[in-house]
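This report concerns only the one structure given below.
Chain naming here is simple, since letters A, B, ... match the order of the sequence lines and numbering starts at 1 in each.
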2 protein chains.
Amino acid sequence: MTAPDRSILKALPPFARLTDAELDEIAATATSRLYCAGMSLYGQGDDAEEFYVVVLGRLRVTQITSTGEQIVVRVVNPGELCGIAHALGRTTYPATAMAVVDSVALAWPTDRWDDIVRRFPSFAQVAMGMIGGRLQEAHARIREMSTEVVERRVGHTVLRLAQQSGKREPEGIRIDFPISKQDLAEMAGTTLHTVSRILTAWEEAGLVGTGRQKLLVKEPHRLLLIADGAEEGLLR
Amino acid sequence: MTAPDRSILKALPPFARLTDAELDEIAATATSRLYCAGMSLYGQGDDAEEFYVVVLGRLRVTQITSTGEQIVVRVVNPGELCGIAHALGRTTYPATAMAVVDSVALAWPTDRWDDIVRRFPSFAQVAMGMIGGRLQEAHARIREMSTEVVERRVGHTVLRLAQQSGKREPEGIRIDFPISKQDLAEMAGTTLHTVSRILTAWEEAGLVGTGRQKLLVKEPHRLLLIADGAEEGLLR
DNA sequence: CGGATTGTTGAGGATACTCAAGTTAGGTGG
DNA sequence: CCACCTAACTTGAGTATCCTCAACAATCCG
């Protein structure tokens, strides 16, 4: 609920190249908020009154279709922007953002966006690069869903997750926040049943470790071979 | 091959709000190029040496996967940016852009991008909005591919095409550049066989008119009902 | 007019979904 | 701390959708 200190901003990529005076000015209009696991920052269809930068924790961004199915658009990691509907030319949020673990985010009123972009080109540049990264990820998903069989799609989904949000550990790359089979299914465009069968097969082969909302990628390299089609799938 | 006149720039959304002096300055570093149908502006994997704004014609942007399958990323219409790999944080083009009809585009050296963005916030704002639109379209495709059966997916693909690149005519909305069944399949994530069957069924119902690389949407409203699942599909 | 590209249509079959039933894990309250 | 309850997950069986394979037809262009 309080305005953040400049040192917090400085550690976030969008603000990394600003001077102390500039940071203070930007910090002055920000609000720091704590979201407990399960709380949402904003909902699909709401007026886009604020935009956010995540400081700590993880968010899951989802969309609901008109027929009630849900898809996971992305996971938001610390340092990333979200809720920037205005920059994308919208007045409402196209999706819902929810904290999957206790999270801290900075919020600015949406009408600060244009001013910040205009006055701080380095912010604009980083923001555009982040949007670009999301666009490329989206195209990768489209490509995968168009051309790959489920097992490879789930492979790429898991690998992307490991790369973007994973934590290196002695045994492998751990996804250190709760992720359900249903979530993975909604990311890969399949059902939780199919994800369950695939992960069980991979677990038996020692590629991954799974559990209730748990995921550990033990052999990313071999998983990549499967995802890229260089090695036969393990299902069935 | 020649530098363009400021009046040409002024008609393009990214430059619409600049002064004559600013336009002249931007025009000075631009090259106007004619691409005959079938020529490519750049290829997937090439160094991103230039970015473009299309003035006339249509481009088709495609990606080839490691296994040789192709997908259509998008169609580029006059007034739109393309080849902005640098802005998205890349050094190479992630896709190939090819003229589907004779087209004119303006080209700038990639290293002009940062300078233009920094000095002309209105350009930056329009550019970000365009990238945002692409991101939303990509998410719509992901949502459709995750949750919808083929016929509805093809419906949404055709409707998007009609909306973005169609031309109102007495009989309906015409796609006035060559578009093959294979192209539609690569946009909808299916095969040309399935697209052919679906369009034949729609044609028999009077929803569309089709032909070799031709497409006319006669009843967009009824097609929308099918695409949105409010009405039964016509296939089989 | 001939070749090449694009599109049509049918048959068969595999992939992955749906439906169903049960199991495990974790959190909560007594 | 244990019992219970719910949410998450597993596994099996049957089947629909849509892809693959195949052969042919139509259209365009030079």
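A close approach under 4.0 Å does occur between a side-chain nitrogen or oxygen of B:Thr191 and OP1 or OP2 of D:dC19. Applying the 4.0 Å criterion to OP1 and OP2 of D:dA8, one finds that A:Ser180 has every side-chain N and O outside that range. Phosphate proximity of C:dG7 to B:Thr210: absent, as no side-chain N or O sits under 4.0 Å from OP1 or OP2.
For the pair B:Thr96 (side chain) and B:Gln44 (backbone), a donor-acceptor distance under 3.5 Å is present. Side chain of B:Ser32 to backbone of B:Pro4: no donor-acceptor contact under 3.5 angstrom is found.
The side chain of A:Thr194 approaches C:dA16 more closely than any other nucleotide in the set C:dA16, D:dC28, C:dG26. Taking only side-chain atoms of B:Lys181, from C-beta outward, the nucleotide of C:dT18, D:dC28, C:dG7 with the closest atom is C:dG7.
Scanning atom types as modelled, one donor and one acceptor separated by under 3.5 angstrom connect the side chain of A:Arg197 and the base of D:dG12. Between the side chain of B:His193 and the base of C:dT9, at least one donor-acceptor pair of N or O atoms lies under 3.5 Å.
The residue among B:Arg212 and B:Thr200 whose nearest nucleotide of DNA chain C lies closer to the 5′ end is B:Arg212.
Between A:Glu144 and A:Arg160, at least one side-chain N (NZ, or NE/NH1/NH2) sits under 4.0 Å from a carboxylate O, which counts as a salt bridge.
The aromatic rings of B:Tyr35 and B:Tyr52 sit perpendicular, their planes meeting at an angle over 60°, well past the 30° parallel limit.
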